[in-house]
Amino acid sequence: MGLTRQYLRYRPAALFGLVASARGSVAWVALRGERGRCVAVPACEHVFVWDLRKGEKVLILKGLKQEVSCLRTSPDGLHLAVGYEDGSIRIFSLLSGEANITFNGHKAAVTALQYDHLGGRLVSGSKDTDVIVWDVINESGLYRLSGHKDAVTQVLFLKEKNLMVTSGKDTLVKWWDLDTQHCFKTLVGHRTEVWGMALVSEEKRLITGSADSELRVWDITYIQEVKDPDEPESKKSKGSSPGAEENTEEDEPLELDEQPEERLVKCSKVGSIMREGRDRVVTLATDRTGKILACHGTSAVLEVFCVLSEEEVQKKLEKKMKKAKKKAKQKSEEEPEGSVELSLQEEIQRVTNIKASSKIKSFDLILSPKGEVKIALLLQNNVVEAYNLNLSAPVPQAVRASKITIGGHRSDVRTLAFSSDNIAVLSAAAESVKIWNRSTLQCIRTMDCEYALCSLFVPGDRQVIVGTKTGKLQLYDLATGSLLETLDAHDGAVWSMALSPDQRGFVTGGADKCVKFWEFDLVKDESSVQKRLSMKHVRVLQLDEDVLCVRYSPNQKLLAVSLLDCTVKIFYVDTLKFFLSLYGHKLPVLCMDISYDGTLIATGSADRNVKIWGLDFGDCHRSLFAHDDSVMYLQFVAKSHLFFTAGKDSKIKQWDADKFEHIQTLEGHHQEVWCLALSPNGDYVVSASHDKSLRLWERTREPLVLEEEREMQREAEYEESVAKEEQPVVAGETRGETGLAGKKTIETIKAAERIMEAIELYREETAKLQEHKAICKAAGKEVPCPVNPILRAYGNITPSAYVLEVFKKIKSSELEESLLVLPFSYVPDLLRLFNEYIHLGSEVELLCRALLFLLKVHFGQITSNQMLVTVIENLKKTTISRVSEARAGEESLFLLLFQYHGKLLQGHQYLPLCLLWQKSPPPVRPASLAPPGRDRGSLTG
């Protein structure tokens, strides 16, 4: 079938005008080994790394489609973990800027990320209420922990113990034992959501922040596993901390709920620190040392506290004791020594409050060796600020070190315009007008303005006019960046303006029910000799309703005016007599445009529809359901009947007004799209959104076929529906606290399909080989055997080796989920192949992992199958022998390495060495060096 009509595809060219998205968190990163200079911030789906000293963007970590929701730097400073709105996590290398690892496990946005102190494990919390622990080295999920009833807000690893603390919007703080993977303690002392928490004083104190102005402080006492062999079990867990008697009423139900023998930690509330803010805590965090604590609410104030170390507490206590003794001497009384205690406010001291220029959305802080605190603030208004705080000063005061603002507007862009030469782009918001160079995306002019609603370039592109919410017209000169003139045009907001086709003037429509006609004029200023451009009011058209949009027909004979009464009225320009009324929309028409030949007018409304009308008789050609929310902007492409619409559903769509067909959707914005502008030659589209970003789209030479586009759309919808499918519910089974870390995605299904295809090829090729042998035997000579093209492409490998190649290509994080999808009919063949591979010593660790998972999942079917008994027996022998050999070999390698470096072999140093083997296949980990929380006997089964 030939192409009936060829369209050209528009593709995303750039994202600009954005410093940082307000969603997500800010994080200090060490580039080239220098800490305290660069910060990573979310920027829609990307992550920008800004050099605060130079005010430049030094690195862009490119995302896919989903918006960034969370950031966390690894302890070694070489990697950045990024959580997204769809629940995926990607780990970027800050050296190369590439995403090395992807984890898919959560079904909703990632809300919290935390590395353990070695950087080998990563824990993530999400809006889907689950907490997942990931193995960063092995690039796989360890386990999923379920227990919270609402979104998880914070997750923390403990350094010394293999424990974890999580908090959630369900008002609970949960303690997890990672060795047994269960929740052993729940703090129920909060009446509202727990928004943040931090561990201080060498992990002996937990501070939690909720929806009030109180920061609750909890004492943590780790109960020793063995105190006295003669002591009964129940006594061991009781009187553990001196603060136990002071336990508050809020914590008392806890004593009854939990069994004493299960408790590893004693947690008792010791008091509260009062914040100055009366709103909820948004972020509560400490620096890496735990010495500096900071928090902020929904305001612009960051409160900074200093947590005294044990030595400082002791010194302060001694000082206080001396004072008390001196006082007692003067009063000639005997003061008992034990009565002198430090209050909580003395142990956790308020340092200062930092007032930012706008509301704070998140912060990160680092303490330099010199004792200076560096604080990075991500603000709501597209700004990143950095402050330095010198703690050694008598009165510590925060000094603003840098502020990044030049890259964008402080508020949403409400109007866009292209210059006639397609090079300059105008964007205007509530506080400023900016002119951008389209090719370099650099901001070349910034001019202060009132709240802008509409704008245009004056012919010649040397001046611009902006219509404001207060009814003024502001004329700016681009060469000097100065405001030339301000006119009071309307008594209400200037909602729309349009340049006349003869370029001698323009028309404005406002909320005062007037349409006003203006002409450009040259006037002489008293101060200067030269004449300058001005605007002259010529005539007015009074109407019955507020004017929302105005447009000239290309021949300047007609003027279309959209009104608040949901109609569009068309007038003759010369006499201002009424010509047509277009009615049919259920809600007001917010935008419209007339085609280049003046035959069609397209209108976009708040009722989510676009209507295409003939301009000769006012007949409605077609009504299209365009967007899932209000249509905010509509514009025809030059010299064509194609037009673009922008909607509050965050999408931009292209339509054909002749065929009444949807051509393509430009997806990229994450929130409402307010406006767009097409370049006069139709090659570029610029759009502005509530997510503070400006996006540039360019027309390519790539033809777009509608049938193919629809097919791709259906495939994408199918893939999305597959990923969203719930796991089958088994009658009588309840969901436990732990589960598999991964989730079913289209990638895991495709991986399972590849395994199935490989096994089918193996079966076919094995049968062919047997047939070939029989033929050769019958013929009494060697007959040439045809080789499968796939096996030839892999270098004439054997069918069994091909199955192993397919296995090796499956991502480590997707292995378990892929095997879970695999039907049992393929498992017997896999087990026989595993036996063959392990016997040869190929990929022992990978195969052991897959083998143990298959045994766990299909245990009943495997054990009841008599045919597989011998296979399992053989597997047992080969696996145990090969794993022991691998362990022995690796242990000797470890010893050699440590002798070379002159270090002692310690159990927790397996991580840095594993990094040496990232390029080669990962070896089997010795049981003695297994990371904390992993079953050491798992490899031998």
Trainee: Please check if the side chain of Ser126 supplies one atom and the backbone of Ala108 the other of a donor-acceptor pair under 3.5 Å.
Mentor: yes
Trainee: As an exercise, state the distance from CG of Leu172 to CG of Leu187, rounded to the nearest 0.5 Å.
Mentor: 9.0 Å
Trainee: Less than 4.5 Å apart, any side-chain heavy atom of Trp50 and any of Val41?
Mentor: yes
Trainee: Considering only heavy atoms from C-beta outward, does the side chain of Leu145 approach that of Val123 to under 4.5 Å?
Mentor: no
Trainee: Identify whether the distance between the nearest side-chain nitrogen and carboxylate oxygen of Glu203 and Lys161 falls below 4.0 Å.
Mentor: no
Trainee: For residues His46 and Val68, report the shortest heavy-atom separation together with the two atoms involved.
Mentor: O-CG2, 3.5 Å
Trainee: Under 3.5 Å, is there a donor-acceptor pair linking the side chains of His296 and Thr283?
Mentor: yes
Trainee: Is it true that Asp170 and Lys174 make a salt bridge, defined as a side-chain N closer than 4.0 Å to a carboxylate O?
Mentor: no
Trainee: Quick check for you: to the nearest 0.5 Å, what is the distance between Leu302 atom CG and Thr352 atom OG1?
Mentor: 9.5 Å
Trainee: One pair to check against side chain to side chain contact (heavy atoms under 4.5 Å, CB included): Ser693 and His669. What are the steps and the verdict?
Mentor: CA-CA 8 Å; Ser693 70; His669 286 294; 3.4 Å; yes
Trainee: Heavy atoms, side chains only, cut-off 4.5 Å: are Leu308 and Ile348 in contact?
Mentor: no
Trainee: Does a salt bridge link Lys269 with Glu214, judged by any charged N lying under 4.0 Å from a carboxylate O?
Mentor: yes
Trainee: Indicate yes or no: does Glu303 engage Arg350 in a salt bridge with an N to O separation below 4.0 Å.
Mentor: yes
Trainee: Which value, rounded to the nearest 0.5 Å, describes the distance between Asp76 atom CG and Leu118 atom CG?
Mentor: 10.5 Å
Trainee: So that I can tick it off, tell me whether Asp135 and Arg121 are bridged by a salt bridge, with the cut-off set at under 4.0 angstrom between side-chain N and carboxylate O.
Mentor: no
Trainee: Has the side chain of Ser167 got a donor or acceptor atom that lies under 3.5 Å from a matching backbone atom of Gly196?
Mentor: no
Trainee: Are Trp175 and Thr186 close enough that a side-chain donor and a side-chain acceptor fall under 3.5 Å?
Mentor: no
Trainee: Under 4.5 Å between any side-chain heavy atoms of Val47 and Leu80, yes or no?
Mentor: yes
Trainee: Return yes if some donor-acceptor pair links the side-chain N/O of Ser21 with the main-chain N/O of Cys44 below 3.5 Å, else return no.
Mentor: yes
Trainee: Pairing donors with acceptors under 3.5 angstrom, does anything connect the side chains of His670 and Gln66?
Mentor: no
Trainee: Side chains of Thr286 and Leu199: closer than 4.5 Å at any heavy-atom pair?
Mentor: no
Trainee: In Å, rounded to the nearest 0.5 Å, how long is the span from CG of Leu815 to CD of Glu139?
Mentor: 12.5 Å
Trainee: Decide whether Trp176 and Thr166 meet the rule of one side-chain donor and one side-chain acceptor closer than 3.5 Å.
Mentor: yes
Trainee: Take Asn100 and Phe92 through the side chain to side chain contact (heavy atoms under 4.5 Å, CB included) test and state the conclusion after the steps.
Mentor: CA-CA 6 Å; Asn100 306 323; Phe92 288 87; over 6 Å; no
Trainee: Would you call Glu67 and Arg23 a salt bridge, using N to O less than 4.0 angstrom?
Mentor: yes
Trainee: Please find the pair of heavy atoms, one from Thr748 and one from Thr745, that lie closest to each other, and give the distance.
Mentor: OG1-O, 2.7 Å
Trainee: Short question: side chain of Lys743, backbone of His106 - any donor-acceptor pair under 3.5 Å?
Mentor: yes
Trainee: Check for a donor-acceptor pair, side chain of Asn162 on one end and backbone N or O of Asp177 on the other, with a separation under 3.5 Å.
Mentor: no
Trainee: Does Thr111 offer a backbone N or O that forms a donor-acceptor pair with the side chain of Ser69 under 3.5 Å?
Mentor: no
Trainee: What is the minimum heavy-atom distance between Leu52 and Ala386, and which atoms define it?
Mentor: CD1-CB, 3.5 Å
Trainee: Specify the closest pair of heavy atoms between Ser124 and Leu113, including all atoms of both residues, with the distance to one decimal.
Mentor: CB-CD2, 3.6 Å
Trainee: Is a donor on one side and an acceptor on the other found under 3.5 Å between the side chain of Arg72 and the backbone of Ala27?
Mentor: no
Trainee: Please tabulate, one pair per line, all N/O donor-acceptor pairs under 3.5 Å involving side-chain atoms of residues 355-364, not counting sequence neighbours.
Mentor:
| unit_1 | atom_1 | unit_2 | atom_2 | d |
| --- | --- | --- | --- | --- |
| Ser357 | OG | Glu385 | OE2 | 2.7 |
| Ser362 | OG | Val26 | N | 2.9 |
| Asp364 | OD2 | Trp28 | N | 2.8 |

Trainee: What heavy-atom pair brings Ile207 and Leu284 nearest, and what distance separates the two atoms?
Mentor: O-CD2, 3.5 Å
Trainee: Please confirm whether the backbone N or O of Asp628 pairs with a side-chain atom of Asp649, one donor and one acceptor, at under 3.5 Å?
Mentor: yes
Trainee: Is there a side chain to side chain contact (heavy atoms under 4.5 Å, CB included) between Tyr222 and Ile220? Walk through the geometry before answering.
Mentor: CA-CA 6 Å; Tyr222 301 102; Ile220 302 168; 3.8 Å; yes
Trainee: Testing the basics here: between Tyr115 and Thr73, what is the closest heavy-atom pair and its distance to 0.1 Å?
Mentor: CD1-O, 3.6 Å
Trainee: Can you list every pair that meets ring pair (Phe, Tyr, Trp, His ring centres under 6.0 Å) and has a residue in residues 273-295, with sequence neighbours left out?
Mentor: none
Trainee: Has the side chain of Ser812 got a donor or acceptor atom that lies under 3.5 Å from a matching backbone atom of Asn138?
Mentor: yes
Trainee: Does any non-hydrogen side-chain atom of Leu94 lie less than 4.5 Å from one of His79?
Mentor: no
Trainee: For a quick check under 3.5 Å, do Asn104 and Glu814 share a side-chain donor-acceptor pair by atom type?
Mentor: no
Trainee: Take Lys62 and Glu45 through the salt bridge (charged side-chain N to carboxylate O under 4.0 Å, His left out) test and state the conclusion after the steps.
Mentor: CA-CA 7 Å; Lys62 292 199 170 177; Glu45 69 271 26; over 6 Å; no
Trainee: So how far is it from Ser813 OG to Ile101 CD1, rounded to the nearest 0.5 Å?
Mentor: 8.5 Å
Trainee: Any ion pair linking Asp219 and Lys204 (charged N to carboxylate O, less than 4.0 Å)?
Mentor: no
Trainee: May I ask you to check whether over 12 heavy atoms, not counting those of Lys169, lie within 6.0 Å of atom NZ?
Mentor: no
Trainee: Hey, are the side chains of Val29 and Val39 touching, using non-hydrogen atoms and a 4.5 Å cut-off?
Mentor: no
Trainee: Quick one: does Ile132's side chain get under 4.5 Å of Leu122's, heavy atoms only?
Mentor: no
Trainee: Any side-chain donor-acceptor pair under 3.5 Å between Arg280 and Thr298?
Mentor: no
Trainee: Any sub-3.5 Å donor-acceptor pair from Asp287's side-chain atoms to Leu365's backbone N or O?
Mentor: no
Trainee: Rounded to the nearest 0.5 Å, what separation is found between the CE atom of Met164 and the CD atom of Gln114?
Mentor: 10.5 Å
Trainee: Does the distance from a Lys or Arg side-chain N to an Asp or Glu carboxylate O, for Lys159 and Glu202, drop under 4.0 Å?
Mentor: no
Trainee: Checking side chain to side chain contact (heavy atoms under 4.5 Å, CB included) for the pair Val304/Leu389: CA distance, chi angles, key distance, verdict?
Mentor: CA-CA 10 Å; Val304 184; Leu389 181 63; 4.0 Å; yes
